[in-house]
There are 2 protein chains.
Amino acid sequence: MNDSTNSSGDHRLICTVDIVLLTLRDGQLQVLLLKRDREPFDGALALPGGYVHVDEDQGCEDAAQRVLLQKAGLQSPYLEQLASFSGPARDPRGWSVSVAYFALVAAPEASQPGQHWLPVDRLPQLPFDHGRIIAAAAERVRNKSQYSSLPVHLCPEPFTLPQLHTIYQALLGEAINPVSFRRKMEELAILEPVPGAKRAQGPHRPAQLYRLKDEFRQTLRLVGRGLNV
Amino acid sequence: MNDSTNSSGDHRLICTVDIVLLTLRDGQLQVLLLKRDREPFDGALALPGGYVHVDEDQGCEDAAQRVLLQKAGLQSPYLEQLASFSGPARDPRGWSVSVAYFALVAAPEASQPGQHWLPVDRLPQLPFDHGRIIAAAAERVRNKSQYSSLPVHLCPEPFTLPQLHTIYQALLGEAINPVSFRRKMEELAILEPVPGAKRAQGPHRPAQLYRLKDEFRQTLRLVGRGLNV
DNA sequence: TGAATAGTGTCTTTAAGACAATATAGT
DNA sequence: ACTATATTGTCTTAAAGACACTATTCA
(Lines give C-alpha, C1' and ligand atoms only; values in the text may rest on other atoms or scores of the structure.)
Protein backbone atom coordinates (compact mmCIF):
# COMPACT_ATOMS: atom_id res chain seq x y z
CA MET A 1 0.00 0.00 0.00
CA ASN A 2 3.04 2.19 -0.18
CA ASP A 3 3.61 3.72 -3.55
CA SER A 4 6.63 4.71 -5.48
CA THR A 5 5.24 7.44 -7.69
CA ASN A 6 2.37 9.03 -5.79
CA SER A 7 2.12 10.46 -2.36
CA SER A 8 -1.60 11.05 -2.50
CA GLY A 9 -4.48 8.86 -3.48
CA ASP A 10 -6.68 11.76 -4.40
CA HIS A 11 -7.21 11.42 -8.10
CA ARG A 12 -10.87 12.34 -8.15
CA LEU A 13 -11.89 8.78 -8.50
CA ILE A 14 -15.55 7.89 -8.18
CA CYS A 15 -16.57 5.15 -5.77
CA THR A 16 -20.00 3.62 -5.83
CA VAL A 17 -21.86 0.50 -4.86
CA ASP A 18 -24.22 -1.36 -7.16
CA ILE A 19 -26.73 -3.94 -6.08
CA VAL A 20 -27.84 -6.88 -8.14
CA LEU A 21 -31.09 -7.79 -6.48
CA LEU A 22 -32.17 -11.17 -7.77
CA THR A 23 -35.30 -13.20 -7.47
CA LEU A 24 -36.90 -16.14 -9.19
CA ARG A 25 -40.13 -15.43 -11.04
CA ASP A 26 -41.81 -17.51 -13.69
CA GLY A 27 -39.00 -20.00 -13.32
CA GLN A 28 -36.43 -17.42 -14.36
CA LEU A 29 -33.71 -15.60 -12.49
CA GLN A 30 -34.75 -11.95 -12.62
CA VAL A 31 -33.00 -8.76 -11.64
CA LEU A 32 -34.41 -5.53 -10.26
CA LEU A 33 -33.77 -2.48 -12.42
CA LEU A 34 -34.81 1.06 -11.61
CA LYS A 35 -35.31 4.05 -13.85
CA ARG A 36 -32.49 6.51 -13.27
CA ASP A 37 -33.61 9.97 -12.20
CA ARG A 38 -30.45 11.88 -13.05
CA GLU A 39 -27.50 12.07 -15.36
CA PRO A 40 -25.68 10.18 -16.59
CA PHE A 41 -28.15 7.92 -18.37
CA ASP A 42 -31.11 9.81 -16.93
CA GLY A 43 -34.25 7.80 -17.51
CA ALA A 44 -32.48 4.57 -18.37
CA LEU A 45 -33.06 1.33 -16.52
CA ALA A 46 -30.08 0.47 -14.33
CA LEU A 47 -29.05 -1.33 -11.18
CA PRO A 48 -29.86 0.38 -7.91
CA GLY A 49 -26.69 1.96 -6.67
CA GLY A 50 -25.17 5.06 -5.25
CA TYR A 51 -22.11 6.80 -4.01
CA VAL A 52 -20.36 5.57 -0.94
CA HIS A 53 -20.94 8.15 1.79
CA VAL A 54 -17.67 8.48 3.61
CA ASP A 55 -19.25 10.57 6.35
CA GLU A 56 -21.87 7.98 7.09
CA ASP A 57 -21.00 4.48 5.90
CA GLN A 58 -18.74 2.23 7.93
CA GLY A 59 -17.85 0.31 4.80
CA CYS A 60 -19.17 -0.47 1.35
CA GLU A 61 -21.50 -3.09 2.73
CA ASP A 62 -23.18 -0.37 4.79
CA ALA A 63 -23.60 1.63 1.62
CA ALA A 64 -25.11 -1.41 -0.05
CA GLN A 65 -27.60 -1.92 2.79
CA ARG A 66 -28.49 1.75 2.68
CA VAL A 67 -29.11 1.65 -1.07
CA LEU A 68 -31.14 -1.52 -0.70
CA LEU A 69 -33.33 0.10 1.94
CA GLN A 70 -33.71 3.46 0.18
CA LYS A 71 -34.31 2.16 -3.29
CA ALA A 72 -35.98 -1.17 -2.79
CA GLY A 73 -37.34 -0.86 0.73
CA LEU A 74 -35.57 -4.01 1.82
CA GLN A 75 -34.33 -4.46 5.35
CA SER A 76 -31.85 -7.34 5.44
CA PRO A 77 -32.05 -9.92 2.74
CA TYR A 78 -29.21 -12.25 1.99
CA LEU A 79 -26.38 -9.96 0.83
CA GLU A 80 -22.98 -10.93 -0.46
CA GLN A 81 -20.15 -8.99 -2.02
CA LEU A 82 -19.80 -9.94 -5.67
CA ALA A 83 -16.70 -8.18 -6.97
CA SER A 84 -15.44 -4.75 -7.85
CA PHE A 85 -15.58 -3.28 -11.30
CA SER A 86 -13.36 -0.40 -12.23
CA GLY A 87 -11.79 1.60 -15.03
CA PRO A 88 -11.81 4.90 -16.83
CA ALA A 89 -14.61 4.12 -19.25
CA ARG A 90 -17.35 2.37 -17.34
CA ASP A 91 -18.81 5.64 -16.02
CA PRO A 92 -18.83 8.80 -18.16
CA ARG A 93 -18.16 10.90 -15.06
CA GLY A 94 -14.64 9.55 -14.84
CA TRP A 95 -12.43 6.78 -13.50
CA SER A 96 -14.63 4.77 -11.20
CA VAL A 97 -14.74 1.80 -8.88
CA SER A 98 -17.99 0.09 -8.17
CA VAL A 99 -18.13 -2.44 -5.40
CA ALA A 100 -20.93 -4.72 -6.52
CA TYR A 101 -23.10 -6.79 -4.20
CA PHE A 102 -25.82 -9.23 -4.93
CA ALA A 103 -28.88 -9.80 -2.81
CA LEU A 104 -31.49 -12.53 -2.97
CA VAL A 105 -35.16 -12.21 -2.16
CA ALA A 106 -38.26 -14.30 -2.58
CA ALA A 107 -40.37 -13.20 -5.51
CA PRO A 108 -42.41 -10.17 -4.44
CA GLU A 109 -46.19 -10.60 -4.55
CA ALA A 110 -46.60 -7.65 -6.86
CA SER A 111 -44.07 -5.39 -8.51
CA GLN A 112 -43.97 -2.00 -6.77
CA PRO A 113 -44.44 0.96 -9.09
CA GLY A 114 -41.14 1.92 -10.70
CA GLN A 115 -39.61 -1.48 -10.01
CA HIS A 116 -38.77 -3.44 -13.08
CA TRP A 117 -37.95 -7.11 -12.81
CA LEU A 118 -36.25 -8.44 -15.92
CA PRO A 119 -34.92 -11.90 -16.68
CA VAL A 120 -31.12 -11.88 -16.44
CA ASP A 121 -30.81 -13.87 -19.64
CA ARG A 122 -32.80 -11.48 -21.76
CA LEU A 123 -31.66 -7.99 -20.88
CA PRO A 124 -31.52 -4.97 -23.12
CA GLN A 125 -28.34 -2.90 -23.36
CA LEU A 126 -27.72 -1.37 -19.96
CA PRO A 127 -25.81 1.74 -18.92
CA PHE A 128 -22.37 1.59 -17.34
CA ASP A 129 -21.14 -1.99 -17.25
CA HIS A 130 -24.29 -3.15 -15.53
CA GLY A 131 -24.76 -5.91 -18.07
CA ARG A 132 -21.44 -7.41 -17.10
CA ILE A 133 -22.13 -7.00 -13.40
CA ILE A 134 -25.46 -8.78 -13.69
CA ALA A 135 -23.88 -11.56 -15.74
CA ALA A 136 -21.27 -12.04 -13.04
CA ALA A 137 -23.94 -12.14 -10.34
CA ALA A 138 -26.05 -14.64 -12.22
CA GLU A 139 -23.05 -16.84 -12.83
CA ARG A 140 -22.10 -16.71 -9.17
CA VAL A 141 -25.59 -17.59 -8.00
CA ARG A 142 -25.94 -20.47 -10.43
CA ASN A 143 -22.52 -21.71 -9.55
CA LYS A 144 -23.10 -21.63 -5.83
CA SER A 145 -26.46 -23.28 -6.30
CA GLN A 146 -24.60 -26.38 -7.38
CA TYR A 147 -22.97 -26.89 -4.05
CA SER A 148 -24.62 -24.74 -1.40
CA SER A 149 -27.78 -23.73 0.34
CA LEU A 150 -27.86 -20.35 -1.42
CA PRO A 151 -31.14 -20.93 -3.31
CA VAL A 152 -32.99 -21.13 -0.02
CA HIS A 153 -32.91 -17.34 0.02
CA LEU A 154 -34.97 -17.20 -3.15
CA CYS A 155 -37.81 -19.12 -1.51
CA PRO A 156 -40.63 -17.45 0.42
CA GLU A 157 -40.76 -18.81 3.95
CA PRO A 158 -42.08 -21.09 5.07
CA PHE A 159 -41.73 -23.38 2.11
CA THR A 160 -42.10 -27.01 1.22
CA LEU A 161 -39.37 -29.28 -0.03
CA PRO A 162 -41.08 -29.64 -3.42
CA GLN A 163 -41.09 -25.82 -3.71
CA LEU A 164 -37.39 -25.62 -2.96
CA HIS A 165 -36.78 -28.49 -5.32
CA THR A 166 -38.41 -26.53 -8.11
CA ILE A 167 -36.23 -23.51 -7.36
CA TYR A 168 -33.03 -25.52 -7.49
CA GLN A 169 -34.11 -27.02 -10.78
CA ALA A 170 -34.87 -23.63 -12.25
CA LEU A 171 -31.47 -22.31 -11.21
CA LEU A 172 -29.51 -25.29 -12.40
CA GLY A 173 -31.59 -25.71 -15.51
CA GLU A 174 -31.91 -29.45 -15.15
CA ALA A 175 -33.99 -32.06 -13.44
CA ILE A 176 -32.87 -33.07 -9.98
CA ASN A 177 -33.59 -36.46 -8.56
CA PRO A 178 -36.19 -35.80 -5.84
CA VAL A 179 -34.98 -38.55 -3.56
CA SER A 180 -31.38 -37.37 -3.68
CA PHE A 181 -32.56 -33.82 -3.19
CA ARG A 182 -34.32 -34.75 0.01
CA ARG A 183 -31.32 -36.69 1.21
CA LYS A 184 -29.09 -33.67 0.61
CA MET A 185 -31.37 -31.23 2.35
CA GLU A 186 -31.59 -33.57 5.28
CA GLU A 187 -27.82 -33.83 5.35
CA LEU A 188 -27.30 -30.06 5.14
CA ALA A 189 -29.41 -29.71 8.26
CA ILE A 190 -30.20 -26.07 7.68
CA LEU A 191 -33.98 -26.43 7.62
CA GLU A 192 -36.42 -27.03 10.42
CA PRO A 193 -39.98 -28.19 9.97
CA VAL A 194 -42.70 -25.85 11.17
CA PRO A 195 -45.66 -27.46 12.93
CA GLY A 196 -48.27 -26.95 10.19
CA ALA A 197 -48.62 -28.66 6.86
CA LYS A 198 -49.75 -27.21 3.55
CA ARG A 199 -51.39 -28.29 0.39
CA ALA A 200 -50.37 -27.22 -3.06
CA GLN A 201 -53.06 -26.64 -5.68
CA GLY A 202 -54.99 -29.79 -6.30
CA PRO A 203 -56.50 -32.46 -4.12
CA HIS A 204 -53.61 -34.42 -2.75
CA ARG A 205 -51.36 -34.97 0.20
CA PRO A 206 -50.04 -31.69 1.62
CA ALA A 207 -46.34 -31.11 2.04
CA GLN A 208 -44.48 -30.37 5.24
CA LEU A 209 -43.48 -26.73 5.67
CA TYR A 210 -39.92 -25.80 6.56
CA ARG A 211 -38.06 -22.65 7.46
CA LEU A 212 -34.41 -21.77 7.42
CA LYS A 213 -32.75 -22.13 10.81
CA ASP A 214 -31.86 -18.69 12.07
CA GLU A 215 -28.15 -19.39 12.26
CA PHE A 216 -28.08 -19.79 8.47
CA ARG A 217 -29.69 -16.48 7.50
CA GLN A 218 -26.37 -14.99 6.44
CA THR A 219 -24.24 -18.12 6.39
CA LEU A 220 -24.15 -20.59 3.59
CA ARG A 221 -23.84 -24.27 4.06
CA LEU A 222 -21.72 -26.13 1.56
CA VAL A 223 -22.46 -29.60 0.44
CA GLY A 224 -19.73 -32.16 0.96
CA ARG A 225 -17.39 -33.92 -1.44
CA GLY A 226 -15.29 -31.41 -3.27
CA LEU A 227 -12.31 -32.95 -4.96
CA ASN A 228 -13.63 -36.14 -3.40
CA VAL A 229 -10.14 -37.32 -2.88
CA MET B 1 -25.82 4.44 -9.30
CA ASN B 2 -27.98 7.50 -9.04
CA ASP B 3 -27.98 9.03 -5.61
CA SER B 4 -30.55 10.90 -3.62
CA THR B 5 -28.34 13.00 -1.40
CA ASN B 6 -25.10 13.57 -3.26
CA SER B 7 -24.39 14.93 -6.66
CA SER B 8 -20.66 14.27 -6.52
CA GLY B 9 -18.67 11.25 -5.57
CA ASP B 10 -15.65 13.27 -4.56
CA HIS B 11 -15.26 12.68 -0.89
CA ARG B 12 -11.52 12.35 -0.78
CA LEU B 13 -11.72 8.65 -0.55
CA ILE B 14 -8.54 6.62 -0.91
CA CYS B 15 -8.46 3.75 -3.39
CA THR B 16 -5.70 1.20 -3.38
CA VAL B 17 -4.97 -2.34 -4.44
CA ASP B 18 -3.34 -4.91 -2.19
CA ILE B 19 -1.81 -8.15 -3.35
CA VAL B 20 -1.74 -11.33 -1.36
CA LEU B 21 1.04 -13.22 -3.07
CA LEU B 22 0.97 -16.80 -1.87
CA THR B 23 3.24 -19.73 -2.24
CA LEU B 24 3.80 -23.07 -0.61
CA ARG B 25 7.09 -23.48 1.24
CA ASP B 26 7.99 -26.08 3.81
CA GLY B 27 4.53 -27.51 3.41
CA GLN B 28 2.93 -24.27 4.53
CA LEU B 29 0.98 -21.61 2.74
CA GLN B 30 3.14 -18.49 2.95
CA VAL B 31 2.52 -14.88 2.06
CA LEU B 32 4.92 -12.24 0.74
CA LEU B 33 5.31 -9.21 2.99
CA LEU B 34 7.45 -6.16 2.26
CA LYS B 35 8.87 -3.57 4.57
CA ARG B 36 7.02 -0.30 4.07
CA ASP B 37 9.19 2.62 3.07
CA ARG B 38 6.83 5.45 3.98
CA GLU B 39 4.10 6.55 6.30
CA PRO B 40 1.76 5.31 7.51
CA PHE B 41 3.35 2.33 9.22
CA ASP B 42 6.77 3.17 7.81
CA GLY B 43 9.08 0.23 8.32
CA ALA B 44 6.35 -2.26 9.12
CA LEU B 45 5.86 -5.47 7.18
CA ALA B 46 2.78 -5.26 4.99
CA LEU B 47 1.23 -6.55 1.81
CA PRO B 48 2.56 -5.13 -1.42
CA GLY B 49 0.06 -2.57 -2.62
CA GLY B 50 -0.34 0.91 -3.95
CA TYR B 51 -2.66 3.57 -5.13
CA VAL B 52 -4.71 3.06 -8.22
CA HIS B 53 -3.32 5.37 -10.90
CA VAL B 54 -6.30 6.79 -12.68
CA ASP B 55 -4.12 8.31 -15.38
CA GLU B 56 -2.46 5.03 -16.18
CA ASP B 57 -4.44 1.97 -15.07
CA GLN B 58 -7.29 0.63 -17.15
CA GLY B 59 -8.77 -0.98 -14.08
CA CYS B 60 -7.80 -2.22 -10.66
CA GLU B 61 -6.45 -5.42 -12.12
CA ASP B 62 -3.97 -3.35 -14.10
CA ALA B 63 -2.93 -1.67 -10.91
CA ALA B 64 -2.49 -5.08 -9.31
CA GLN B 65 -0.32 -6.30 -12.18
CA ARG B 66 1.73 -3.13 -11.98
CA VAL B 67 2.29 -3.52 -8.24
CA LEU B 68 3.17 -7.15 -8.70
CA LEU B 69 5.78 -6.28 -11.30
CA GLN B 70 7.22 -3.28 -9.47
CA LYS B 71 7.36 -4.77 -6.01
CA ALA B 72 7.85 -8.46 -6.60
CA GLY B 73 9.24 -8.51 -10.12
CA LEU B 74 6.54 -10.89 -11.29
CA GLN B 75 5.24 -10.84 -14.81
CA SER B 76 1.96 -12.72 -14.96
CA PRO B 77 1.27 -15.29 -12.33
CA TYR B 78 -2.18 -16.59 -11.62
CA LEU B 79 -4.09 -13.53 -10.39
CA GLU B 80 -7.63 -13.38 -9.10
CA GLN B 81 -9.69 -10.68 -7.47
CA LEU B 82 -10.32 -11.56 -3.85
CA ALA B 83 -12.68 -8.91 -2.49
CA SER B 84 -12.77 -5.28 -1.54
CA PHE B 85 -12.16 -4.02 1.95
CA SER B 86 -13.33 -0.60 2.97
CA GLY B 87 -14.15 1.72 5.80
CA PRO B 88 -13.07 4.80 7.69
CA ALA B 89 -10.69 3.09 10.08
CA ARG B 90 -8.65 0.60 8.11
CA ASP B 91 -6.21 3.25 6.86
CA PRO B 92 -5.17 6.17 9.07
CA ARG B 93 -5.12 8.46 6.04
CA GLY B 94 -8.89 8.33 5.83
CA TRP B 95 -11.85 6.47 4.40
CA SER B 96 -10.43 3.91 2.04
CA VAL B 97 -11.28 1.12 -0.35
CA SER B 98 -8.75 -1.54 -1.11
CA VAL B 99 -9.46 -3.91 -3.94
CA ALA B 100 -7.54 -7.00 -2.88
CA TYR B 101 -6.17 -9.61 -5.26
CA PHE B 102 -4.40 -12.82 -4.61
CA ALA B 103 -1.68 -14.30 -6.77
CA LEU B 104 -0.11 -17.73 -6.69
CA VAL B 105 3.46 -18.61 -7.52
CA ALA B 106 5.71 -21.60 -7.18
CA ALA B 107 8.05 -21.33 -4.24
CA PRO B 108 10.97 -19.09 -5.24
CA GLU B 109 14.39 -20.73 -5.18
CA ALA B 110 15.75 -18.14 -2.79
CA SER B 111 14.10 -15.22 -1.05
CA GLN B 112 15.11 -11.95 -2.70
CA PRO B 113 16.50 -9.37 -0.31
CA GLY B 114 13.71 -7.41 1.33
CA GLN B 115 11.16 -10.10 0.57
CA HIS B 116 9.71 -11.76 3.59
CA TRP B 117 7.75 -14.96 3.24
CA LEU B 118 5.69 -15.74 6.32
CA PRO B 119 3.30 -18.60 7.00
CA VAL B 120 -0.27 -17.34 6.79
CA ASP B 121 -1.23 -19.18 9.93
CA ARG B 122 1.42 -17.62 12.12
CA LEU B 123 1.48 -13.94 11.31
CA PRO B 124 2.35 -11.08 13.62
CA GLN B 125 0.02 -8.10 13.93
CA LEU B 126 -0.06 -6.36 10.58
CA PRO B 127 -0.86 -2.78 9.64
CA PHE B 128 -4.16 -1.77 8.07
CA ASP B 129 -6.48 -4.76 7.90
CA HIS B 130 -3.89 -6.84 6.13
CA GLY B 131 -4.35 -9.66 8.58
CA ARG B 132 -7.97 -9.97 7.61
CA ILE B 133 -7.18 -9.72 3.92
CA ILE B 134 -4.61 -12.50 4.15
CA ALA B 135 -7.01 -14.66 6.14
CA ALA B 136 -9.64 -14.20 3.44
CA ALA B 137 -7.14 -15.09 0.73
CA ALA B 138 -5.95 -18.20 2.53
CA GLU B 139 -9.51 -19.31 3.12
CA ARG B 140 -10.37 -18.79 -0.56
CA VAL B 141 -7.36 -20.73 -1.75
CA ARG B 142 -7.96 -23.63 0.60
CA ASN B 143 -11.60 -23.67 -0.28
CA LYS B 144 -11.03 -23.69 -4.00
CA SER B 145 -8.39 -26.34 -3.60
CA GLN B 146 -11.16 -28.70 -2.59
CA TYR B 147 -12.85 -28.55 -5.92
CA SER B 148 -10.60 -26.98 -8.51
CA SER B 149 -7.28 -26.99 -10.27
CA LEU B 150 -6.11 -23.90 -8.40
CA PRO B 151 -3.18 -25.56 -6.57
CA VAL B 152 -1.52 -26.26 -9.89
CA HIS B 153 -0.35 -22.66 -9.82
CA LEU B 154 1.64 -23.29 -6.66
CA CYS B 155 3.70 -25.97 -8.38
CA PRO B 156 6.93 -25.27 -10.29
CA GLU B 157 6.59 -26.48 -13.86
CA PRO B 158 7.09 -29.04 -15.06
CA PHE B 159 6.01 -31.18 -12.15
CA THR B 160 5.16 -34.74 -11.39
CA LEU B 161 1.83 -36.03 -10.17
CA PRO B 162 3.33 -37.02 -6.82
CA GLN B 163 4.58 -33.44 -6.40
CA LEU B 164 1.17 -32.01 -7.11
CA HIS B 165 -0.35 -34.60 -4.83
CA THR B 166 1.83 -33.36 -2.00
CA ILE B 167 0.76 -29.78 -2.63
CA TYR B 168 -2.92 -30.63 -2.54
CA GLN B 169 -2.39 -32.49 0.69
CA ALA B 170 -0.55 -29.58 2.26
CA LEU B 171 -3.34 -27.18 1.29
CA LEU B 172 -6.16 -29.41 2.42
CA GLY B 173 -4.33 -30.58 5.49
CA GLU B 174 -5.26 -34.19 5.01
CA ALA B 175 -4.15 -37.30 3.22
CA ILE B 176 -5.55 -37.79 -0.25
CA ASN B 177 -5.97 -41.19 -1.79
CA PRO B 178 -3.29 -41.31 -4.51
CA VAL B 179 -5.33 -43.44 -6.88
CA SER B 180 -8.35 -41.16 -6.67
CA PHE B 181 -6.08 -38.18 -7.05
CA ARG B 182 -4.70 -39.52 -10.30
CA ARG B 183 -8.17 -40.35 -11.54
CA LYS B 184 -9.31 -36.80 -10.82
CA MET B 185 -6.36 -35.16 -12.51
CA GLU B 186 -6.89 -37.36 -15.52
CA GLU B 187 -10.56 -36.38 -15.56
CA LEU B 188 -9.80 -32.66 -15.21
CA ALA B 189 -7.70 -32.93 -18.35
CA ILE B 190 -5.76 -29.76 -17.69
CA LEU B 191 -2.33 -31.33 -17.67
CA GLU B 192 -0.22 -32.62 -20.52
CA PRO B 193 2.76 -34.89 -20.15
CA VAL B 194 6.09 -33.51 -21.33
CA PRO B 195 8.35 -35.94 -23.18
CA GLY B 196 10.97 -36.37 -20.44
CA ALA B 197 10.74 -38.23 -17.18
CA LYS B 198 12.24 -37.31 -13.84
CA ARG B 199 13.45 -39.00 -10.75
CA ALA B 200 12.81 -37.86 -7.23
CA GLN B 201 15.51 -38.34 -4.62
CA GLY B 202 16.38 -41.98 -4.20
CA PRO B 203 16.94 -44.87 -6.53
CA HIS B 204 13.56 -45.74 -7.90
CA ARG B 205 11.23 -45.37 -10.81
CA PRO B 206 11.08 -41.78 -12.06
CA ALA B 207 7.78 -39.99 -12.38
CA GLN B 208 6.27 -38.56 -15.54
CA LEU B 209 6.53 -34.79 -15.83
CA TYR B 210 3.50 -32.71 -16.66
CA ARG B 211 2.76 -29.11 -17.44
CA LEU B 212 -0.38 -27.08 -17.35
CA LYS B 213 -2.08 -26.80 -20.72
CA ASP B 214 -1.79 -23.21 -21.88
CA GLU B 215 -5.53 -22.64 -22.03
CA PHE B 216 -5.72 -23.11 -18.27
CA ARG B 217 -3.12 -20.55 -17.22
CA GLN B 218 -5.76 -18.10 -16.10
CA THR B 219 -8.81 -20.35 -16.09
CA LEU B 220 -9.68 -22.75 -13.37
CA ARG B 221 -11.19 -26.12 -13.93
CA LEU B 222 -13.80 -27.26 -11.48
CA VAL B 223 -14.22 -30.80 -10.45
CA GLY B 224 -17.63 -32.31 -11.03
CA ARG B 225 -20.43 -33.29 -8.67
CA GLY B 226 -21.57 -30.29 -6.73
CA LEU B 227 -24.90 -30.85 -5.08
CA ASN B 228 -24.69 -34.24 -6.73
CA VAL B 229 -28.38 -34.18 -7.31
C1' DT C 1 -63.08 -44.41 -3.70
C1' DG C 2 -60.21 -42.00 -7.23
C1' DA C 3 -56.80 -38.56 -8.53
C1' DA C 4 -52.75 -36.33 -7.52
C1' DT C 5 -48.79 -35.07 -5.24
C1' DA C 6 -45.82 -36.03 -0.80
C1' DG C 7 -42.72 -38.92 1.10
C1' DT C 8 -40.17 -43.66 1.89
C1' DG C 9 -37.78 -48.11 0.74
C1' DT C 10 -34.71 -50.32 -1.86
C1' DC C 11 -32.31 -51.86 -5.92
C1' DT C 12 -28.97 -50.31 -9.47
C1' DT C 13 -25.25 -47.61 -10.96
C1' DT C 14 -21.30 -44.74 -10.36
C1' DA C 15 -17.48 -42.95 -8.14
C1' DA C 16 -14.32 -42.94 -4.22
C1' DG C 17 -11.12 -45.59 -1.00
C1' DA C 18 -8.10 -49.54 -0.02
C1' DC C 19 -4.73 -52.37 -1.31
C1' DA C 20 -2.24 -55.56 -4.02
C1' DA C 21 0.49 -56.08 -8.18
C1' DT C 22 3.58 -54.44 -11.61
C1' DA C 23 7.11 -51.02 -13.58
C1' DT C 24 11.50 -48.81 -13.56
C1' DA C 25 15.52 -46.26 -12.29
C1' DG C 26 19.76 -46.29 -9.47
C1' DT C 27 22.80 -48.82 -6.65
C1' DA D 1 19.13 -58.60 -7.99
C1' DC D 2 17.46 -55.08 -4.39
C1' DT D 3 15.28 -50.78 -2.88
C1' DA D 4 12.16 -47.38 -3.30
C1' DT D 5 8.80 -44.87 -5.43
C1' DA D 6 5.63 -44.59 -9.71
C1' DT D 7 1.76 -46.36 -11.85
C1' DT D 8 -1.98 -49.59 -12.78
C1' DG D 9 -5.62 -53.14 -11.67
C1' DT D 10 -9.27 -54.47 -9.12
C1' DC D 11 -12.04 -55.26 -5.08
C1' DT D 12 -14.74 -52.87 -1.45
C1' DT D 13 -17.53 -49.21 0.17
C1' DA D 14 -20.35 -45.14 -0.11
C1' DA D 15 -23.30 -42.16 -2.32
C1' DA D 16 -26.28 -40.83 -6.25
C1' DG D 17 -30.10 -42.20 -9.57
C1' DA D 18 -34.19 -44.91 -10.74
C1' DC D 19 -38.32 -46.58 -9.57
C1' DA D 20 -41.85 -48.75 -7.12
C1' DC D 21 -44.62 -48.37 -3.12
C1' DT D 22 -47.13 -46.13 0.68
C1' DA D 23 -49.41 -41.79 2.67
C1' DT D 24 -52.72 -38.22 2.66
C1' DT D 25 -55.76 -34.85 1.14
C1' DC D 26 -59.87 -33.21 -1.58
C1' DA D 27 -63.41 -34.06 -4.82
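Owing to the predicted nature of the structure, the values given are computational and were not obtained by experimental measurement. Quick note on labels: first sequence line is chain A, next is B, and so on, each numbered from 1.
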Practice item. Sequence neighbours left out, what passes side chain to side chain contact (heavy atoms under 4.5 Å, CB included) with K213(B)? Give chain and number order. Key: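 Per chain and number, K213(B) pairs via side chain to side chain contact (heavy atoms under 4.5 Å, CB included) with A189(B), E192(B), E215(B), F216(B).
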
Point to revise | Partner set under side chain to side chain contact (heavy atoms under 4.5 Å, CB included) for A100(A), not counting sequence neighbours | key: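 For A100(A), the residues satisfying side chain to side chain contact (heavy atoms under 4.5 Å, CB included) (neighbours in sequence not counted) are L82(A), F85(A), I133(A).
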
Review point. Would you say the side-chain atoms of S149(B) pair up with the backbone N or O of R221(B), donor to acceptor, closer than 3.5 Å?
Key: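 Yes.
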
Measure from [atom1] on [X] to [atom2] on [N] and round the result to the nearest Å.
X: Q146(B); N: dA16(C); atom1: CD; atom2: P; value: 15 Å
X: I176(A); N: dC19(D); atom1: CD1; atom2: P; value: 18 Å
X: Q169(B); N: dG17(C); atom1: CD; atom2: P; value: 12 Å
X: F181(A); N: dA18(D); atom1: CZ; atom2: C1'; value: 18 Å
X: K198(A); N: dT24(D); atom1: NZ; atom2: C1'; value: 17 Å
X: R183(A); N: dA14(D); atom1: CZ; atom2: P; value: 15 Å

Is there any protein nitrogen or oxygen under 3.5 Å from a nitrogen or oxygen in nucleotides 4-8 of chain C, and what are the pairs?
| residue | atom | partner | partner atom | Å |
| --- | --- | --- | --- | --- |
| dA6(C) | N3 | R205(A) | NH1 | 3.1 |
| dG7(C) | OP1 | Q208(A) | N | 2.7 |
| dG7(C) | OP2 | R182(A) | NH2 | 2.4 |
| dG7(C) | O5' | R182(A) | NH2 | 3.3 |

Check your understanding: Looking at R217(B), R211(B), K198(B), which hits salt bridge (charged side-chain N to carboxylate O under 4.0 Å, His left out) with E157(B)?
Key -> R217(B)

Practice item. Give me the bend of the helix from dT1(C)-dA27(D) to dT27(C)-dA1(D), using the axes of the five pairs at each end, rounded to 10°. Key: 10°

Check your understanding: Taking only N and O in the side chain of N177(A), is any of them less than 4.0 Å away from OP1 or OP2 of dA16(D)?
Key ->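 False: N177(A) side-chain N/O out of range (4.0 Å or more) of dA16(D) OP1/OP2.
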
Review point. Counting only heavy atoms not in E139(B), do more than 12 sit closer than 6.0 Å to its CD atom?
Key: no

Check your understanding: Who pairs with Y78(B) by ring pair (Phe, Tyr, Trp, His ring centres under 6.0 Å), at least two apart in sequence or on another chain?
Key -> H153(B)

Exercise for review: If a pair satisfies side chain to side chain donor-acceptor pair (under 3.5 Å) and one of its residues is in residues 118-128 of chain B, list it, with sequence neighbours excluded.
Suggested key: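 Applying side chain to side chain donor-acceptor pair (under 3.5 Å) to every pair that reaches into residues 118-128 of chain B, excluding sequence neighbours, yields D121(B)-R142(B).
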
Point to revise | Salt bridge flag under 4.0 Å for residues R183(B) and E186(B) | key: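 E186(B) and R183(B): not salt-bridged.
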
